[in-house]
Novice: 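If you scroll down you'll find the structure; I have some questions about it.
Naming convention: chains lettered A, B, ... in sequence-line order (proteins, then strands); numbering from 1 in each chain.
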Amino acid sequence: MGTLINLLNPNESRPMDQPSPSPQPTPALLYDGRLGELYAIFLVNILLTILTLGIFRFWAITRYRRYLWSHMRFQGERLEYTGTGGQLFVGYLLGGLLLFGAIALATLLSWLLGQVMPALAVIPIILLYLFIAVLAAGAIFSAQRYRLSRTVWCGIRGGMQGSMFRYGIRAILYWLATLVTFFQLMPWMQVRLAERRINASSFGSARFTCDGRARQLYLPFLATFLVSMVMLVVIGTPVGLFVRSLMPAMAAAGRSARTDPGVLTTVMQQIQWSVIAGGLLFFAITSLVRCWYSACLERHIVGHSALASVRLGSTLTGGALFRLVLGNGCILLFTLGLGYPIVMQRTAQLLARTLWAQGWLDPAALTQSTLPQSRFGEGLYQQLDAGGALF
Amino acid sequence: MHDDPAHSPERRSSRAVAGYFDGHIAQPHQVTLAVTHDTLQIRSTDGVIATAWPLSRIAVAGRADDAVSLRCRRDVSRLVVPAATFRELLAPRIRTGFGLLGWGIAVIGCLIVLLLAVLLVDMLPNLLLPAIPAGWYQRIGGVTETALLAQHPRCAGVDGQQALDVFVDRLTPYGAVRPGRLIVSDNPLVNAFTLPGGDVILMHGLIASARSGDELAGVIAHELGHVAHRDPDRRLLRQLGLGAVTAALGWNQLGGDATRGLVGMSYGRAAETAADAFAISTLRAAGLRADGLGMFLARSSAEQDALAFLSDHPSTADRVARTRQPATGQAAFTEREWRAIRDICARTSLI
């Protein structure tokens, strides 16, 4: 425990309040969690989650976060997660109430307007979908706010300013622009939104800053996009031709279904399986290139970010990300979920291995955050089925 | 670390050095600790920090191999104590576990959740069943019926339909409830079922595969058991309750569907067994042959074509054993009636 050990052992030579001796980048986070301890937490969590029919999962997530946070060290001092399961649970209930209320209100308004003029009935429903889309996009913002405000380092907590609604509206508009341009604005949207989240964040008196250049990501994106399009044609064409070749057989089977219903089922199954197999192949090949692009994006955004005077950087590679994603998927699949602690351990280790910092955050200059803490957990985020995300 | 271990034996206190983060600035203060009978005194050498934490409000905020981080109430200030100091000085004096109250609340919480789930899935359907007007069940059953009959039209042979209706009338004095409608659909599948609201659908494949009128009579009597017990209505309410439970618990679609399937199946088995028993006792009470259902099941379990009728039903071997009956009693249909039923789909109508 860098600073503190120096403090507790005053004889040690390096004074605590001096900047890091080397201006070279060093790992930003040191992770020393142990798989065995994660398993001890996991087993209790599983048991209680089953006994409570799933309600315990909010406390389960909290227990994992406590452990992971407390085994991450920044400048030698451990992080601490101060969120509670109760906050997550209440947030989840409030999120559900908000969604339920919005749906009920829209249904009522739709019915009322329908009485006046049938064509108007659709307006509240469209508004409802827009509202939910904005909430879903904004939920990422508020979830990050909650996690930051519940992260403590050296008695100082993080915070985030700004409105989740404003962020959500902006995200939806960016999405529309991306769709209109047939995805060509994707890197621009991703960089601008990440930038917005990072620039809104702070830790105590230290601000996070990010200044990305989406243009530099366009070529990697275009390559990924073109590979995906080519694969769509290469895999989609044979599948489409195969399905088309079965059409006469299907029509014939439909006519003779009276005598033999089995034939129709067989043809339907052949169509289903060819579409599923084609989809899986497409997904497998394109996820390889998408991992490569995601790593580029991550390196770019983190590499253009800083916490006060500490420059951040990432050495995440596409290969490492692909190994992580594929490995985690296989572990979860083949252990039927019992490998979850291994997944957490691998993810935390990769994060610690690839996140770098250059510079020194001066503890003597870092004062407490003045931003309000979010009172409830990331309920909406969980409601809108992004649940279970730990980091 | 211990400054003066033998300082005052009656206070069991000793002094130690620790790091204190005051929650205003990240820079730690070097402090000395002293434990009195109910507080932890924290003082920095420069005199800037002088505070006392009640021992009863101290909790462990974080734990590593070499040090323990402590907090007081919900305050953000932190005291980082070397692990050895914590073990000797503080661990015996502060609460570190979950506590009896915490465990009590957790156990009661689990029980309440389980109880509510059982209430919603098991008891509520039975309570609500008579409270909801019959029209509601019929409307929901009607949706399925319309969809089914859109694919395969309704068979409209007048004599066949009449024979089926006469058969049902023979059973009504013995506990059978007349179904809303008894419909034969021109569907090649070997299946029959009862919809919410009490309409019974017989698929023509079932009639075609039955070797005798008594086999068909057994299957119809089985469905009349579901009508009398209102199994489809109850099943509908139970599935709605389960849907509400799994949605409220935030389960995903897959988990919700799987649970619905499993619960539906376990209740389904009991309902099928009861419907089998109903079929046999009602047929016998009406003086009809009651061995048809058993024969149909025994034959179907050997053949492939009746799998659809059996798929959501209990183990066929058990059912065959339970439904085996002596070949005594009247035939359910005359030769003429049975021929009319077999020809019922010669005419079809779209309604």
Novice: Only pairs of heavy atoms separated by less than 4.5 Å count here; which of Thr52(A), Leu361(A), Ile156(A) has the most with chain B?
Specialist: Ile156(A)

Novice: So, for Phe203(A) and Phe74(A), is the gap between ring centers shorter than 6.0 Å?
Specialist: no

Novice: So which of Ile25(B), Asp65(B), Val76(B), Leu114(B) has the biggest tally of heavy-atom pairs under 4.5 Å with chain A?
Specialist: Ile25(B)

Novice: Could you give me the CA-CA distance, side-chain angles and deciding distance for Tyr67(A) and Arg34(A), then say whether side chain to side chain contact (heavy atoms under 4.5 Å, CB included) is met?
Specialist: CA-CA 10 Å; Tyr67(A) 184 83; Arg34(A) 294 191 198 100; 4.0 Å; yes

Novice: By a 4.5 Å heavy-atom criterion (distance strictly below it), what part of Thr82(A) contacts chain B: side chain, backbone, both, or neither?
Specialist: side chain

Novice: Identify the residue among Tyr81(A), Tyr31(A), Tyr64(A) that makes a ring pair (Phe, Tyr, Trp, His ring centres under 6.0 Å) with Trp69(A).
Specialist: Tyr81(A)

Novice: Val31(B) versus Val17(B): any side-chain heavy-atom pair under 4.5 Å?
Specialist: no

